[in-house]
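What follows is a single structure, written as structure tokens, with notes after it.
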Amino acid sequence: MKLDPAGIAAVRTHLLGPDGASLIDYMFRLNTGGDVSAVSGDTRAASRDLGWTDAADQLTGIGSFAADSCREYVFWTERDRDLPFKGIGGLTREYFAGKAVVEVGAGMGANLMSLGATVTDLSGVEPLEIYSQMGGILREREGLAPVDVRTGSGEQIPFPDGRFDVVLCVTAHQYMDICPALKELARVLKPGGELIIIGGTLDRYVKDAMAAFPANLKAHVITVVNTLGYTALRRRIIPGRGAATTSRPIYPLPATMQRWMQQAGLQPKSPLLKVDTETIFQSKRTQQINQ
Ligand SMILES: C[S@@+](CC[C@H](N)C(=O)[O-])C[C@H]1O[C@@H](n2cnc3c(N)ncnc32)[C@H](O)[C@@H]1O
């Protein structure tokens, strides 16, 4: 999914214009189930003009991706434009200063926007071009310099071997074919470079699903079956339709992730730290990558 040049021009006109804030707020509300009763006719018309909502003011397919991007942008502004890790484990913006950093599964690039304040050699990888395109326009809205965000995935990273000091994955590893992806993430690290994966694990996922029982029961069962299936067979038993980007999530147990990291030539750091419900997996690339 991506915008054509005319689509990019239209989105820029709206998001960088005087009504950009209202349109972003409207998308945020539609995405998060907020109250839209006070949204003006002009803002609704702008959204329809972009094809983001239909005649019934419901999000369209492309509108859903645009709304995801606006939601992440609003969350980013609400956390003072900072990283979401709250400096846990010393992972402040300053931690990344002077390093060559790539975020894989960057989405619209909220973390890249934060890191741009301290990191000069900064890149991103994201499979869905619409997110990168929306992120580029939102960066422009913030007056931030562009970042080299390439279309790719955790399984296929369009950068050469040993390019980075740090590879960052924030709530994205669950969508990957994680075992080959770990080798690929290790490949683009310099020897001694660091992989930081922040995301959910099965123990926490099940706890949260039980607390919300019976909400989303079918989706939770699929996720657990896929996670156990992947752990045993290295494949999702109930795959999503389409390419890697639409794979259903898996949430391996912490010990399983650490074993797979070792198998990919990474030396995991212990003990594991947490940010809210997410676990921080830090590991270093050893000299030798096991193929
Ligand atoms: C929950 S979002 C997180 C975005 C961003 N890291 C953040 O923290 O705001 C997950 C992202 O992973 C991307 N993704 C899905 N499959 C992927 C894959 N196989 N490799 C890399 N990224 C993937 C999605 O397109 C999406 O942008």
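Residues take their numbers from the sequence shown, with the count starting at 1. Atoms within each ligand, like the ligands themselves, are counted from 1 in listed order.
In the displayed structure, K2 atom NZ is contacted under 6.0 Å by at most 12 heavy atoms of other residues, nucleotides or ligands. Residue K269 places its NZ atom among 12 or fewer non-hydrogen atoms of other residues, nucleotides or ligands, all under 6.0 Å distant. Within a 6.0 Å radius of CD in E140, more than 12 heavy atoms belonging to other residues, nucleotides or ligands are found.
Residue E72 holds the heavy atom nearest to atom 9 (O) of ligand 1 of all those in M1, E72, E155. The option from G105, G152, A172, G199 that lies nearest to atom 5 (C) of ligand 1, judged by heavy atoms, is G105. The nearest non-hydrogen atom to atom 8 (O) of ligand 1, considering only D68, I157, N111, comes from N111. Considering each of L83, T171, L128, the one bringing a non-hydrogen atom nearest atom 2 (S) of ligand 1 is T171.
No N or O atom of V104 sits closer than 3.5 Å to an N or O atom of ligand 1. Distances between N or O atoms of S153 and those of ligand 1 include no value under 3.5 Å. Below 3.5 Å of separation, one finds an N or O of G154 facing an N or O of ligand 1.
Legend: side chain to side chain donor-acceptor pair (under 3.5 Å) pairs involving residues 250-259, not counting sequence neighbours: none detected.
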Query - Worked verdict on N31 versus R71 for side chain to side chain donor-acceptor pair (under 3.5 Å) - result: CA-CA 7 Å; N31 185 284; R71 180 198 62 217; 3.1 Å; yes
Requested in this report: Apply side chain to side chain donor-acceptor pair (under 3.5 Å) to the pair E78 and Y73, showing each step before the final yes or no.
Outcome: CA-CA 9 Å; E78 286 178 349; Y73 174 70; over 6 Å; no
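Near M176, with a cut-off below 4.0 Å to any heavy atom, the atoms of ligand 1 are 18 (C), 19 (N), 20 (N), 21 (C). Atoms of ligand 1 found under 4.0 Å from any heavy atom of G107, numbered from 1 in the order shown, are 4 (C), 27 (O). Ligand-side atoms of ligand 1 in range of V170: 3 (C), 5 (C), 6 (N), 8 (O), range being under 4.0 angstrom from any heavy atom.
Here M108 has no heavy atoms under 4.0 Å from ligand 1, in either its backbone or its side chain. The part of A106 lying near ligand 1 is the backbone, judged by heavy-atom distances below 4.0 Å.
Look at A110 and you'll find every heavy atom at least 4.0 Å from all atoms of ligand 1. Ligand 1 is approached by E103 to a heavy-atom distance shorter than 4.0 Å.
Residues passing the ring pair (Phe, Tyr, Trp, His ring centres under 6.0 Å) test with H220, sequence neighbours excluded: Y205.
Rounding to the nearest 0.5 Å places CG of L189 at 8.5 Å from CD of E194. A distance of 6.0 Å separates OG of S69 from CE of M108, quoted to the nearest 0.5 Å.
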